[in-house]
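First comes the structure, then the notes that go with it.
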Amino acid sequence: MSRVTVAANPRANPRGLFLLNGLALVYLVLGVSSSLRAQGESSAPPTPGVTEQPVTTQTQTQAESDPKEIHLRVKAKGSGIPIRRVEARMPGGKKIYGDKEGLLKLPLAAALLKIELYKSGFEVLSFELSPSQGEQTVYLMPAAPSDSNEVVVRGEKPTEASRKTVTTEEAIRVAPGRDPAQIPRLLPGVQVNNFRTDIVIRGSPPNGSLYVIDDFQVPFIFHSFGNISVIPDQIVNDVAFSTGGFGPERGNVTGGVVNLRTKNEVPERSKTEFRVNVPIYSTIYHEQPVNDGKDYVAVSARRSYLDVLLPPILKNAGNMELTVFPLFGDEHVFYVHPIENGVVKVIGAHVYDGVKLILNSDLSTTADGKAKFDIQRSFELLGVEWKKDLNQDWSVKVEPSLNHQENSIDIVNNAIDIGLTSVALYAEAARKLTGKDRIYVGTELTYGKANVKVLAPEQNPSDPFYNPQSAPQKKVEQESPYITEALWVGGELNFGNLLLMPGLRGFRFSQLSKPGADPRVNWRYQINTMHSFKGALGQYSQTPEFSETSASFGNPSLNYIESRHYVLGLETVWSDLWISDVQGFYKTIDKTVQSDPIVKVDNDGDSFSTGLEFFIRRNLTERLFGWFAYTYSINKAREQPTQSYHSSEYDQTHVLNITGSYKYSALWTFGGRGLFRSGNTYNGVDYSVYNVNLNRYEPRQNIGTPLYNRREPAYYELNLYADREVLFDTWKLTWRFGIENLALKPQVQGVNYNYDYSKQEFVRSVPPVPYIEVRGIL
Amino acid sequence: MRQVLRACLLLILLANVACDGDEDRFERIAKLRGLGLSTSPVIASPSSDTAPSLVEFTFYAAAPLGETVTAAPYQDLQGSLRKFAIANFTVGDVTYEDHSSLRVVKVKATGVVPPASAIYFDPDNGFATVRYAISLVGQSNTQVMVGNLVVYPTGSTELTSKNNLPTVSITNPTKDGTVSATEQEIKAELTEVNDETYRVGWFVSGGRLEARNKVNTTWKPTGSGKYTVIVTARGTKTSAFGIDVVDVTAN
């Protein structure tokens with residue numbers, strides 16, 4: 001029910017090269033972009049006067065022209081993009097307008113007169129027109145941001161009881177790695193860990209949340225390295241984010257939903273963009289209108305090259321004990337075909353990442369002391385999305401897809417290879433009733449086959465110090481077909497100021513061979529023009545992991561994990577600029593899978609999460625935007641119903657995010673993010689034992705000690721930046737001066753022990769990293 | 001599988017990022033420490049109604065010269081999915097073998113493998129494991145040693161084919177030999193048996209090793225003086241155990 005949409009801002013269209021900061025202090029931009037794109041209209045009024053002396057250049061071409069006319073081509077400085085519909089004012093008050101290609105045809109009589117050019121979003125250019133023949137070109141400087149508090153972009157009004165909207169332009173300014181998909185990490189209800197790219201939503205484990213691209217489920221949405229999402233941001237329209245209480249159209253999760261939604265609009269021009277990040281990865285992206293501009297196609301490819309660069313460097317460095325080859329990349333094809341009252345989209349994706357390590361390790365089982373670790377994962381998706389309003393009352397969407405996933409883990413002498421191939425169908429039909437009421441029904445079907453080859457130790461999910469090395473290995477090779485089926489019905493019903501959204505989701509998963517049903521309801525009551533009282537109540541079921549229901553490693557008689565969400569909130573629109581959202585939540589997760597000495601695993605555990613979330617947002621104007629997000633939560637768990645609750649693994653009592661961006665002038669922007677959170681819980685070690693089979697020490701707790709009984713110190717960091725644009729006629733440089741991980745002292749990110757756990761020390765973050773990032777856009 | 005991956009990745013971090021003073025290095029013996037365990041037989045069969053399956057344990061530990069150790073059975077209730085323990089576990093004599101810089105402690109014990117009906121034979125692997133544990137109390141610390149004994153069903157071919165002990169011997173430096181006080185290559189010769197790979201483990205009375213789990217590695221003593229060097233090897237499947245100890249003088 002807590003849902004965020006990050007919507008596109010059509011003005012935010014960078015092109016050409018830019019560089020993302022990694023570890024070094026300075027990155028230089030290289031490359032060429034051949035992008036031509038008309039700049040969108042600005043809603044801001046013309047700004048009188050100029051703050052910087054405009055530079056006018058003249059070029060003469062052999063353009064054909066009326067000898068009584070002077071042709072003036074008006075372009076934006078810094079990009080060279082023609083500015084459409086520029087207004088030229090001549091003495092006497094006469095006004096002439098340019099065409100959509102930026103061409104002004106001025107009478108020869110205007111020569112040597114003072115002409116003023118006006119265009120919203122640009123500084124007024126006052127100059128004397130040369131009487132020379134041929135086409136002349138002038139460049140308008142972008143205007144300084146106005147002090148008006150007019151909101152620049154309005155997100156779509158939420159129909160669900162609770163939704164937070166963040167535009168793509170805001171996301172690119174402050175999101176980690178400038179990646180819109182990372183925005184959920186800055187919002188209330190979300191916990192972040194430095195060693196994980198995935199997120200914890202209201203106490204649910206990372207695998208308790210769902211990641212989708214346009215309703216197509218994907219196994220992961222972030223690469224393991226580089227802090228980037230698996231889909232290029234150029235085709236992302238918005239990010240829809242639910243922290244819980246969502247409707248019946250999503251299932252098999254207990255936490256939240258992250259949905260990257262792609263664009264529908266056909267661009268006016270083609271665009272090609274290269275990005276070079278030294279020394280980590282490169283990206284190429286191209287979009288092209290086709291079919292006489294009715295459709296468009298986009299392709300992209302991205303790949304890291306550390307796995308290519310590192311080996312020769314390390315080889316020359318001598319006897320390296322540790323070799324790491326991280327690898328990630330993705331390729332996409334995207335086709336959009338608008339139809340009458342709808343759209344057809346085809347999306348193809350191939351995503352992969354992994355890491356290979358070879359190092360001297362205590363885990364080695366051979367006399368050379370070396371251990372190899374090779375972890376690879378990938379997925380391929382081919383999906384078709386067909387959406388259409390059939391008539392005034394009915395709309396439908398049908399989304400078939402083909403999916404394939406591979407997970408390969410090769411650690412020491414254990415190997416796990418899992419391949420999943422499936423055909424899926426997601427379909428929904430909605431009917432408008434009277435007024436704003438509507439009902440909808442949908443179905444989600446998946447038929448797949450899992451190929452599993454495993455040589456791995458038994459699992460012991462309840463033991464925090466579980467040592468897979470000392471557990472017996474199991475070898476399994478099997479092919480398992482599986483079917484998942486879901487059917488849902490829901491509605492949006494208005495009763496005066498009350499919007500009620502009931503829903504029911506029925507489902508069955510062949511792993512468990514038993515059906516289930518999740519009833520859910522959302523509501524929003526508009527108290528007055530400012531305040532909305534909202535809430536959600538519902539059940540959210542999830543299947544255990546595939547291995548937990550297997551006969552070899554788990555228990556085929558397991559049940560669904562069941563979560564119940566209870567949410568109450570108050571949303572207030574204080575003004576056009578300020579919005580606040582206060583929510584209280586209580587969530588239970590029952591029948592969690594725990595170790596069992598007889599049946600290996602069983603649904604014996606449970607957990608709960610409760611808390612308050614505060615969100616205060618300053619909407620985007622030309623100068624300023626930002627938000628304050630604070631979550632207070634208590635997260636407890638237990639492994640057996642006879643036990644007392646203890647702090648859960650995912651318990652961060654306080655999480656505070658402050659983020660914002662301020663456009664000081666046309667050329668300077670300042671921004672930053674601040675994070676404060678409670679320390680993570682961990683299992684304290686009371687003593688250790690020496691394992692004679694493994695020749696290593698194993699940690700132990702005293703009998704009766706609750707799990708996750710200790711907490712690291714609180715963590716905070718500040719990330720600040722300043723952007724300075726340097727504009728040339730047809731290109732610009734953007735310098736970013738920034739500092740990351742700023743703190744008074746290195747922050748604690750984990751716990752480490754000596755060989756027999758008799759000494760403990762905290763693992764601390766790297767010192768603050770100042771950086772300079774240079775981006776050239778041609 | 002996700003949990004296996006997380007556990008393995010956690011082990012990677014813990015195994016390779018550690019406090020790094022010489023006193024804190026795994027291979028450095030500065031207090032009572034476990035070295036390994038040898039059992040006879042290496043792998044056992046379950047007891048029958050008429051004949052108990054007796055196992056003899058020899059626990060090896062190292063301690064500073066002159067340290068006395070007492071031993072007692074211990075119950076380790078954690079770290080194992082199924083808590084099937086060796087029965088009638090009885091601790092015997094503690095003996096000492098003094099070397100130039102360390103004392104090797106040997107503790108004898110006996111136990112009885114429970115009957116087949118009382119333990120769990122994994123259907124995928126065909127064997128069971130039973131837990132044993134002993135507590136050694138020294139003058140300054142206590143060392144708890146734990147492990148699993150592999151048990152095959154009576155009549156299994158593994159009871160004969162995998163019931164051998166490896167041999168491991170230090171070939172460089174030689175016994176009572178002289179070594180460099182700054183850096184010395186150390187080597188061991190390992191005879192692998194039972195069709196399994198082996199975990200090698202070196203221990204020294206002083207200094208540090210380049211890699212304590214490589215059969216050939218480099219040792220940096222802390223200076224001139226007498227040292228004791230120990231190598232161990234244990235099978236990754238049967239835990240069949242071998243050990244060798246040499247005394248050297250560093251100049």
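Numbered from 1 within each chain, the chains take letters A, B, ... in sequence-line order. This one's a predicted model, so the numbers in the text were calculated from it and none came from an experiment.
- Surrounding NZ of B:Lys108 are at most 12 heavy atoms belonging to other residues, nucleotides or ligands under 6.0 Å away.
- For the residue pair A:Asn695 and B:Leu35, the shortest heavy atom distance occurs at OD1-O, 4.5 Å.
- Crowding of A:Asp686 atom CG: a count of heavy atoms from other residues, nucleotides or ligands under 6.0 Å exceeding 12.
- Between chain A and the residues B:Asn141, B:Thr142, B:Leu37, B:Thr217, the largest count of heavy-atom pairs under 4.5 Å involves B:Leu37.
- Looking at A:Asn407, neither its backbone nor its side chain comes within 4.5 Å of chain B, counting heavy atoms on both sides.
- Just one of B:Tyr60, B:Phe241, B:Tyr132 meets the side-chain contact (heavy atoms from CB on, under 4.5 Å) condition when paired with A:Val692; it is B:Tyr132.
- Counting heavy-atom pairs closer than 4.5 Å to chain A, the top residue among B:Thr232, B:Val146, B:Val150 is B:Val146.
- A:Phe220 meets the ring-ring contact (aromatic ring centres under 6.0 Å, His included) test with A:Phe379; sequence neighbours excluded.
- Considering CG of B:Asp24 and CD of A:Glu761, their distance stands at 8.5 Å, rounded to 0.5 Å.
- With a 4.5 Å cut-off on side-chain heavy atoms, B:Gln143 and A:Asp756 do not count as touching.
- No side-chain heavy atom of B:Arg212 sits less than 4.5 Å from a side-chain heavy atom of A:Tyr755.
- Atoms CG and CE, from A:Asn691 and B:Met145 in turn, are 10.0 Å apart once rounded to the nearest 0.5 Å.
- Not one N or O on the side chain of A:Asn693 forms a donor-acceptor pair closer than 3.5 Å with the backbone of B:Ser239.
- The local environment of CD in B:Gln139 is crowded, with over 12 non-hydrogen atoms from other residues, nucleotides or ligands closer than 6.0 Å.
- Heavy atoms of A:Ser550 lying under 4.5 Å from chain B are absent altogether.
- Among residues two or more places apart in sequence or in another chain, the ring-ring contact (aromatic ring centres under 6.0 Å, His included) test is passed with B:Phe89 by B:Phe57.
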